[in-house]
Amino acid sequence: MRLVRRVTAAWRFLMRPRVFDTALVIVLAGGACAGMISVLLQDHLDVAMGAALFMITSFPLLVRRSRPVHVAAVVITLDILGIGFGVVTANSLPGAIALYSVGRYTPGRTAALTAGVAALAYGAASQPAAPGPGALVPAVVYVLVFVGLGQFVRARAELRERERRETADNAVRAERRRIARELHDVVAHHLSVINALVGGARATLPPGHEVTREALSGAEGTARQALAEMRQLLYVLRADDGGDADASTGVGAARLSALIKEAMTAGLPTSLTVTGEVAPLPTAVDHAVYRIVQEALTNTRRHASGARASVLLTYRESAVEVEVVDDGVAVPPGGTPGFGLNGMAERVALCGGELRTGPRPDGGFRVHALIPLEQS
């Protein structure tokens with residue numbers, strides 16, 4: 001196990017970008033230098049010049065990640081000079097690595113432009129040895145293979161990074177929802193109990209305890225205020241980053257008539273009935289009412305084709321009641337609720353209300369929510 005850990009640590013160290021590029025240049029330049037010395041001892045000057053050129057073209061690869069286009073320009077120029085002076089007869093390995101780096105570390109448009117210029121340059125350099133248009137074919141294939149390989153690896157890396165970010169974002173949103181549910185289940189419950197106990201104690205005080213009565217009344221008001229502020233905070237925690245339009249002023253009970261018109265335009269006959277004295281609703285409740293109706297009508301259109309729907313919004317003194325029913329085919333009981341119903345339940349719970357959903361005895365589906373309003 002110790003050997004495996006050491007090998008793993010050494011591999012991770014070697015895979016660091018700067019360490020890897022340095023090792024790559026050392027291997028390429030060192031091999032070329034050793035070859036140059038060997039052929040010089042045998043008086044092969046032309047081969048030694050080719051090895052020297054190979055060694056020189058290896059050094060720009062040290063910055064191939066940060067300046068891929070510049071590195072490719074230098075390496076390709078040295079390759080073309082070597083072919084022109086007869087020092088080498090083929091494209092070099094450093095040239096292939098430089099072209100791969102262009103594809104790997106530059107956007108598609110820049111990589112395509114660089115590849116086109118490189119193919120023309122290599123094709124022009126090959127003309128004296130192989131005149132005619134056919135000289136361009138090997139150059140184009142050589143350039144496209146390595147630039148295309150780099151672009152493929154770049155696309156795979158970007159896809160993995162995008163998936164990693166989405167996974168992290170989903171985990172953050174799930175954790176925020178979990179925290180919101182835990183806070184509501186624990187803190188909201190105890191605050192509600194405290195509020196009820198203080199209110200009961202204040203109501204049962206005998207005459208002559210005005211100071212105590214005022215203190216209990218103040219405590220009761222503070223508990224109600226804390227409960228309302230906590231629910232508003234939980235609503236913020238529950239909202240997805242940038243994906244919830246509830247923050248806009250165009251979402252709320254006042255826009256239900258427009259929502260009904262949209263549903264009718266989409267082919268769902270819908271009616272809206274509002275009873276009670278219309279009054280401004282708290283922000284979280286206002287948004288919850290709109291989203292409940294929106295999701296219920298969406299489910300009707302999706303699962304009960306040809307049905308009719310009706311929406312009833314009732315304003316009470318201490319609560320608001322919303323009911324959405326349709327006359328479509330009843331859903332068989334025992335099914336698993338979808339994300340829409342779960343989302344409605346969470347919204348209503350964060351507002352301290354109660355949600356009931358299910359098939360109607362005479363056919364169709366019913367969504368009913370009763371949400372209390374905090375009284376000052």
Side-chain angles (χ1 to χ4, degrees), residues 173 177 231-232 235-236 238-332 335 337-374:
R173 285 193 288 268
R177 288 192 293 268
R231 284 172 178 163
Q232 189 68 22
Y235 185 76
V236 173
R238 176 61 180 83
D240 291 336
D241 294 336
D244 196 343
D246 288 355
S248 65
T249 57
V251 171
R255 199 176 175 275
L256 284 181
S257 57
L259 182 63
I260 299 302
K261 292 180 180 179
E262 293 174 4
M264 296 180 67
T265 303
L268 175 64
T270 310
S271 62
L272 172 64
T273 303
V274 180
T275 62
E277 184 178 353
V278 178
L281 300 175
T283 303
V285 177
D286 199 31
H287 294 161
V289 168
Y290 181 90
R291 292 304 186 193
I292 289 169
V293 176
Q294 183 185 48
E295 182 63 29
L297 295 180
T298 299
N299 288 341
T300 298
R301 289 199 304 268
R302 184 180 304 164
H303 302 297
S305 178
R308 300 176 61 89
S310 61
V311 179
L312 174 62
L313 178 62
T314 304
Y315 289 87
R316 299 182 180 179
E317 183 178 353
S318 59
V320 62
E321 183 179 5
V322 58
E323 182 182 58
V324 183
V325 297
D326 64 60
D327 56 3
V329 179
V331 179
F339 292 109
L341 295 180
N342 289 334
M344 283 192 282
E346 289 181 358
R347 287 180 183 274
V348 174
L350 290 179
C351 294
E354 180 183 4
L355 177 73
R356 294 181 179 178
T357 62
R360 300 166 63 198
D362 54 348
F365 200 82
R366 177 176 180 262
V367 175
H368 178 270
L370 181 63
I371 305 176
L373 303 176
E374 296 295 335

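Between L373 and R316 the shortest heavy-atom distance is CD1-O, 4.3 Å. Shortest non-hydrogen contact noted between G353 and P372 is CA-CD, 3.5 Å. Closest approach of S257 and A254 over heavy atoms only: OG-O, 4.2 Å. L268 approaches A309 most closely through the heavy-atom pair CD2-CB, 4.3 Å. V367 and M344 make their closest contact through CG1-SD, 4.1 Å (heavy atoms, listed as atom of the first residue, atom of the second, distance).
In this structure, NE2 on H287 lies 10.5 Å from CG on L281, to the nearest 0.5 angstrom. Rounding to the nearest 0.5 Å places CZ of R255 at 8.5 Å from CD of Q294. A distance of 12.5 Å separates CG of L256 from NZ of K261, quoted to the nearest 0.5 Å. Between the SG atom of C351 and the CG atom of L370 there is a distance of 11.5 Å, given to the nearest 0.5 Å. Remark: R291 CZ to T298 OG1 distance equals 10.0 Å, nearest 0.5 Å.
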- [ ] Go through E354 and H368 one step at a time and tell me if the side-chain hydrogen bond (donor to acceptor under 3.5 Å, both in side chains) criterion holds.
- [x] CA-CA 8 Å; E354 180 183 4; H368 178 270; over 6 Å; no

TODO: Mind running side-chain contact (heavy atoms from CB on, under 4.5 Å) on I292 and Y290 for me, showing each step along the way?
DONE: CA-CA 6 Å; I292 289 169; Y290 181 90; over 6 Å; no

TODO: Using the side-chain contact (heavy atoms from CB on, under 4.5 Å) rule, take V325 and R360 through it: C-alpha gap first, then chi angles, then the decisive distance, then the call.
DONE: CA-CA 8 Å; V325 297; R360 300 166 63 198; 4.1 Å; yes

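Listed for the D326 side chain is a donor-acceptor partner under 3.5 Å among the backbone atoms of F365. Between the side chain of D286 and the backbone N or O of A253, at least one donor-acceptor pair lies under 3.5 Å.
Around CZ of R366, the count of heavy atoms belonging to other residues, nucleotides or ligands within 6.0 Å exceeds 12.
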Side-chain polar contacts of residues 271-278 - donor-acceptor pairs under 3.5 angstrom, sequence neighbours left out - could you list them?
{"residue": "T275", "atom": "OG1", "partner": "T314", "partner atom": "OG1", "Å": "3.0"}

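At a threshold of 4.5 Å between non-hydrogen side-chain atoms, the residues V322 and V293 count as touching.
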